Amino acid sequence: MAETRPVATATAAKSSTSVQPKKKSNSISWLAPVICIVAGYIIWRFLLGDPSNFTNPDPAGGFWPKHKGPKSGLVRMYDGGIIVPILIATFLTVITFVIERLMTITKATGSGNIAEFIRKVQYHLANKNVDQAISECDRQKGSVGNVMKAGLRKYKEMISNTELDTEQKVLQIQKEVEEATALELPMLEKNLVFLSTIASVATLLGLLGTVLGMIGSFAALASEGGGGAAAELSRGISEALYNTALGIGTSAISIIMYNIFTTKIDHITYGIDESGFTLTQSFASLYK
């Protein structure tokens, strides 16, 4: 008996895993911000900054035309300065990653209720119908189903294994579930860092744009003087505050969506943990 145990352990170490790494490109993580920066400048320069939107357009054109007399409130955002296209870019980046994460997490959630899915698997395992439980995983099509399916395959393999004792078999199933979980969770949390970063940075960028605008307005007041300068100051401050509004709005959307996504991920993670517990407890009770 003393020599049998090491042989069983060696066999367990060589046990193959059905979990395979998912090779998915994450080019969107660097491509999207670059495209959004270019799009932000185009919107600011050619859409908001179209000469027809101003009563006194700058004929010189160039990178940053000094148009005067915006015809509408939205066009006044153009006069907020060079920080505005950066803020527009951050807003577009938020929208891009919100859509990307929404598609990914919706797919990872799968079809149907996770709790109901786990109850069905428990029912099939209680009846020792592993193949039917695997079929339930195929119908679920989510991260919980993927992890459960990997565990069930190892579960089925351990039923016919005669070299390991029950405790070692349970450990093998648990290891398989952990490996599958380690591959699923990074996919769920990927790119959320953009939302959390922009949630903090967008407000600061908005304040920076406002400060720069107010510096220019007070400089105009000091150089011109008189009642006309006071009107120019009021107009300049109003335009500068567009930076703050755009920054705060972008930050608010980022925070809200980040919290929504993390809540959904926590729900999926809880389902994964419950599925692993279901497999190990079922095997330990049915195949002692």
Side-chain angles (χ1 to χ4, degrees), residues 20-50 53 62-65 74-111 141-144 146 181-210 212-213 242-269 272:
Q20 299 297 328
K22 297 181 179 180
K23 297 180 180 179
K24 291 187 177 181
S25 174
N26 194 29
S27 58
I28 189 175
S29 64
W30 62 268
L31 191 59
V34 173
I35 294 176
C36 288
I37 290 173
V38 174
Y41 175 76
I42 291 174
I43 292 173
W44 174 76
R45 170 65 179 83
F46 298 103
L47 187 60
L48 295 177
D50 188 281
N53 292 330
F63 177 78
W64 185 359
L74 182 62
V75 175
R76 289 183 181 276
M77 190 183 298
Y78 174 84
D79 291 332
I82 197 61
I83 299 295
V84 172
I86 300 176
L87 287 169
I88 294 175
T90 59
F91 177 76
L92 294 177
T93 302
V94 168
I95 297 301
T96 300
F97 284 109
V98 164
I99 295 173
E100 186 268 339
R101 285 293 86 197
L102 184 61
M103 294 173 61
T104 300
I105 293 177
T106 299
K107 182 179 178 181
T109 302
S111 59
K141 298 179 181 179
S143 292
V144 178
N146 292 339
T181 302
L183 295 177
E184 289 290 336
L185 290 185
M187 179 192 69
L188 298 177
E189 298 172 350
K190 184 173 63 178
N191 295 334
L192 282 180
V193 64
F194 286 95
L195 295 181
S196 61
T197 301
I198 291 176
S200 302
V201 172
T203 303
L204 297 178
L205 286 173
L207 291 174
L208 175 62
T210 301
L212 293 177
Y242 277 101
N243 288 280
T244 303
L246 187 56
I248 292 176
T250 302
S251 179
I253 294 174
S254 298
I255 293 172
I256 292 171
M257 297 311 300
Y258 179 84
N259 289 334
I260 289 175
F261 290 145
T262 52
T263 300
K264 288 182 176 293
I265 291 172
D266 288 342
H267 180 64
I268 295 173
T269 303
I272 290 174

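Computed over heavy atoms, backbone and side chain alike; hydrogens, waters and symmetry mates excluded. Positions are given from 1, in the same order as the sequence printed here. As the structure is a computational prediction, the values presented were derived from the model and not from experiment.
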Distance check, rounded to the nearest 0.5 Å: Ile88 atom CD1 versus Ile42 atom CD1? 11.5 Å
Are the side chains of Leu92 and Ile43 in touch, meaning some heavy atoms are under 4.5 Å apart? yes
Within the supplied structure, the quantity of interest is the number of heavy atoms (other residues, nucleotides, ligands) at a distance under 6.0 Å from Phe261 CZ; does it exceed 12? yes
Between Tyr258 and Leu192, is there a side-chain heavy-atom distance shorter than 4.5 Å? yes
Test log, rule side chain to side chain contact (heavy atoms under 4.5 Å, CB included), inputs Thr104 and Asn191: CA-CA 11 Å; Thr104 300; Asn191 295 334; over 6 Å; no
Roughly how far apart are Leu208 CG and Ile82 CD1, rounded to 0.5 Å? 12.0 Å
Can you check whether Leu195 reaches Val94 side chain to side chain, under 4.5 Å on heavy atoms? yes
Taking side-chain hydrogen bond (donor to acceptor under 3.5 Å, both in side chains) as the definition, give me every residue that meets it alongside Thr210, ordered by chain and number, with sequence neighbours left out. Thr244
Here the pair of heavy atoms bringing Ser254 nearest to Ile198 is OG-CG2, 3.6 Å
Got Ile268 and Ile105 here, is their nearest side-chain heavy-atom distance under 4.5 Å? yes
Let me confirm one number: the CG-CZ distance from Leu102 to Phe97, rounded to the nearest 0.5 Å. 14.5 Å
What heavy-atom pair brings Ile255 and Ala199 nearest, and what distance separates the two atoms? CG1-CB, 3.5 Å
Residues in side-chain contact (heavy atoms from CB on, under 4.5 Å) contact with Ile260, at least two apart in sequence or another chain: Ile256, Met257, Lys264
Can you see which heavy atom on Glu189 is nearest to which on Arg101, and at what distance? N-NH1, 4.1 Å
Specify whether Tyr41 and Phe46 have parallel, tilted or perpendicular ring planes, treating 30° as the upper limit for parallel and 60° as the lower limit for perpendicular. perpendicular
Donor-acceptor contact below 3.5 Å, side chain Thr106 vs main chain Met103: no
Flag the pair Val84 / Asn243 as yes when at least one side-chain heavy-atom distance between them is below 4.5 Å, and no otherwise. yes
Are Thr250 and Thr93 packed together at the side-chain level, in the sense that at least one heavy-atom pair is separated by less than 4.5 angstrom? no
Just wondering, do Asn146 and Leu183 contact through their side chains at under 4.5 Å, heavy atoms? no
So, taking the atom named CD1 in Ile265 and the one named CD1 in Ile272, what distance separates them when rounded to the nearest 0.5 Å? 10.5 Å
Which atom names give the shortest non-hydrogen contact between Gly62 and Arg45, and what distance separates them? O-NE, 2.9 Å
Is it true that a side-chain atom of Thr197 and a backbone atom of Phe194 form a donor plus acceptor pair closer than 3.5 Å? no
For Leu87 and Thr90, the nearest pair of non-hydrogen atoms, with its separation, is O-OG1, 2.6 Å
Is Asn53 reaching over with its side chain to a backbone N or O of Gly49, donor-acceptor style, under 3.5 angstrom? no
Nearest heavy atoms of Leu204 and Ser200, plus distance in Å: CG-O, 3.6 Å
For the residue pair Trp64 and Pro85, establish whether any side-chain heavy-atom pair is separated by less than 4.5 Å. no
Rounded to the nearest 0.5 Å, what separates atom CG in Leu185 from atom OG1 in Thr181? 6.0 Å
Atom pair CG/OH of Asp50 and Tyr78 - distance to nearest 0.5 Å: 10.5 Å
